[in-house]
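Notes follow once the structure below has been shown.
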Amino acid sequence: MALQPWRKALVTRIENETYNTRRFWIQVPELGSFDFTPGQFVTLDLPIHEKPAKRWRSYSIASWPDGSNVFELLIVLLDDGAGTKYLFNEVQVGSELTIRGPQGVFTLPDSLEKDLYFVCTGTGIAPFRSMVHHIHRNKIPHPNIHLIFGTRTQKDLLYVEELKQLEAEMDGFHFFPTLSREQWNGHQGYVHTIYEDLVREKKNDNDTPPPANFYLCGWKAMVNEAKERIQGLGYERKAIHQELYG
């Protein structure tokens, strides 16, 4: 895959999603259409360091291909993050950014024949939002899709009402937001017990797990633990696809 060139982009809209997470809409004026595959990311070259490699920050695209030259990024402010501090403190509507992309192979197979488990924490929900909307908008035949989103408290929830509405509209799509540090009327605990229970419910009499692909995106500790647990359920490593955040 050829490496994309650096391009100039403009921030056209900014909205707070939570107390520490923002949505940035970014336009690439030189392109009539910013074409990407759901699950891919873009890299920003931010003026925060003399060395290029220390200026670059990559973020999954949270929107879906719609034929326009605008895409959305979902970014959380990190206490020790020079890149996110710049984006939150310096970038406004009308600001110019230097971007490269789309890039990445964290994408869906050409044919969706096996159940899909999208397991994520924090802003790791971004590529899965892109994938699910793309499948729905293009009426792509699909099996069951389980989006399992883990975060700490209700104030950390992302895109929840939107995805609940999509769950009501989209056959075979199941959304499981779960909180690890707060009591509420939804799922509680960590993401792992949810996909483990779903798989065990579908195992046949000889304990063979049902055909499935697992996509993991989010905090490194979650992704590493999920890989072990999924293989413990009887799946091969090739059924697991990952994107790490931090």
Side-chain angles (χ1 to χ4, degrees), residues 1-108 120-131 134 158 215-224 227 240-246:
M1 182 182 298
L3 191 63
Q4 294 284 337
W6 291 103
R7 303 180 191 274
K8 295 300 181 183
L10 293 174
V11 177
T12 60
R13 182 177 163 198
I14 300 172
E15 285 187 9
N16 290 328
E17 177 69 6
T18 71
Y19 69 100
N20 68 344
T21 308
R22 285 185 186 168
R23 301 165 66 178
F24 293 80
W25 282 262
I26 298 172
Q27 181 183 42
V28 188
E30 70 182 78
L31 298 177
S33 175
F34 184 78
D35 298 321
F36 64 94
T37 302
Q40 290 189 301
F41 63 89
V42 296
T43 299
L44 309 184
D45 185 0
L46 303 174
I48 56 175
H49 201 278
E50 294 179 359
K51 295 181 179 179
K54 293 191 175 182
R55 297 198 305 260
W56 297 346
R57 298 292 188 274
S58 295
Y59 301 100
S60 294
I61 301 171
S63 53
W64 46 92
D66 62 1
S68 77
N69 61 357
V70 177
F71 61 90
E72 179 185 333
L73 299 181
L74 176 71
I75 299 175
V76 61
L77 178 63
L78 302 175
D79 292 338
D80 57 351
T84 59
K85 285 181 179 177
Y86 175 82
L87 288 166
F88 274 61
N89 296 334
E90 305 297 332
V91 170
Q92 308 170 37
V93 171
S95 292
E96 186 176 272
L97 296 173
T98 301
I99 72 155
R100 183 167 67 191
Q103 300 167 258
V105 295
F106 187 68
T107 55
L108 294 170
C120 56
T121 47
T123 54
I125 197 171
F128 301 137
R129 177 185 185 240
S130 176
M131 291 176 184
H134 177 72
L158 303 166
Y215 285 76
L216 315 175
C217 189
W219 302 323
K220 184 177 181 179
M222 181 282 288
V223 170
N224 289 339
K227 287 190 293 186
I240 305 171
H241 315 269
Q242 71 178 61
E243 193 89 302
L244 292 175
Y245 282 11

Taking all heavy atoms of [X] and all of [Y], pick out the closest pair and write down the distance.
| X | Y | result |
| --- | --- | --- |
| Phe34 | Ile99 | CE1-CD1, 4.3 Å |
| Leu87 | Val91 | O-CB, 3.3 Å |
| Lys8 | Val28 | O-CG1, 4.0 Å |
| Phe36 | Ser130 | CE1-OG, 4.0 Å |
| Asp35 | Pro102 | O-CG, 3.3 Å |
| Glu72 | Ser63 | N-OG, 2.9 Å |

Between [X] (side chain) and [Y] (backbone), is there a donor-acceptor pair under 3.5 Å?
| X | Y | result |
| --- | --- | --- |
| Tyr215 | Thr107 | yes |
| Asn69 | Leu31 | yes |
| Arg22 | Tyr19 | no |
| Ser95 | Val11 | no |
| Arg13 | Trp25 | no |

Counting C-beta onward and ignoring hydrogens, is there a side-chain heavy-atom pair between [X] and [Y] closer than 4.5 Å?
| X | Y | result |
| --- | --- | --- |
| Leu44 | Tyr86 | no |
| Ser60 | Phe106 | no |
| Thr84 | Val76 | no |
| Phe41 | Pro127 | no |

To the nearest 0.5 angstrom, please state how far the [atom1] atom of [X] sits from the [atom2] atom of [Y].
| X | Y | atom1 | atom2 | value |
| --- | --- | --- | --- | --- |
| Cys217 | Phe128 | SG | CZ | 5.5 Å |
| Leu73 | Ile14 | CG | CD1 | 11.0 Å |
| Leu46 | Leu97 | CG | CG | 7.0 Å |
| Thr12 | Gln27 | OG1 | CD | 6.0 Å |
| His241 | Leu108 | NE2 | CG | 9.0 Å |
| Asn224 | Leu216 | CG | CG | 9.5 Å |

Start with the C-alpha distance between Arg100 and Asp45, add both sets of side-chain angles, then the distance that settles side chain to side chain contact (heavy atoms under 4.5 Å, CB included), and finish with yes or no. CA-CA 8 Å; Arg100 183 167 67 191; Asp45 185 0; over 6 Å; no
query = Quick one: which of Ile26, Ile75, Leu74 gives a side-chain contact (heavy atoms from CB on, under 4.5 Å) with Tyr59?
reply =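 So, applying the side-chain contact (heavy atoms from CB on, under 4.5 Å) to Tyr59 and each of Ile26, Ile75, Leu74, only Ile75 qualifies.
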So for atom CD, which belongs to Glu15, do other residues, nucleotides or ligands contribute more than 12 heavy atoms lying within a distance under 6.0 Å?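 Yes, because the 6.0 Å sphere around CD of Glu15 holds more than 12 heavy atoms from other groups.
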Is Asn16 atom CG crowded by more than 12 heavy atoms from other residues, nucleotides or ligands, each under 6.0 Å away?
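Yes, the 6.0 Å shell around CG holds more than 12 heavy atoms from other groups.
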Between Gln103 and Thr43, is the side-chain hydrogen bond (donor to acceptor under 3.5 Å, both in side chains) condition met? List the steps. CA-CA 8 Å; Gln103 300 167 258; Thr43 299; 3.3 Å; yes
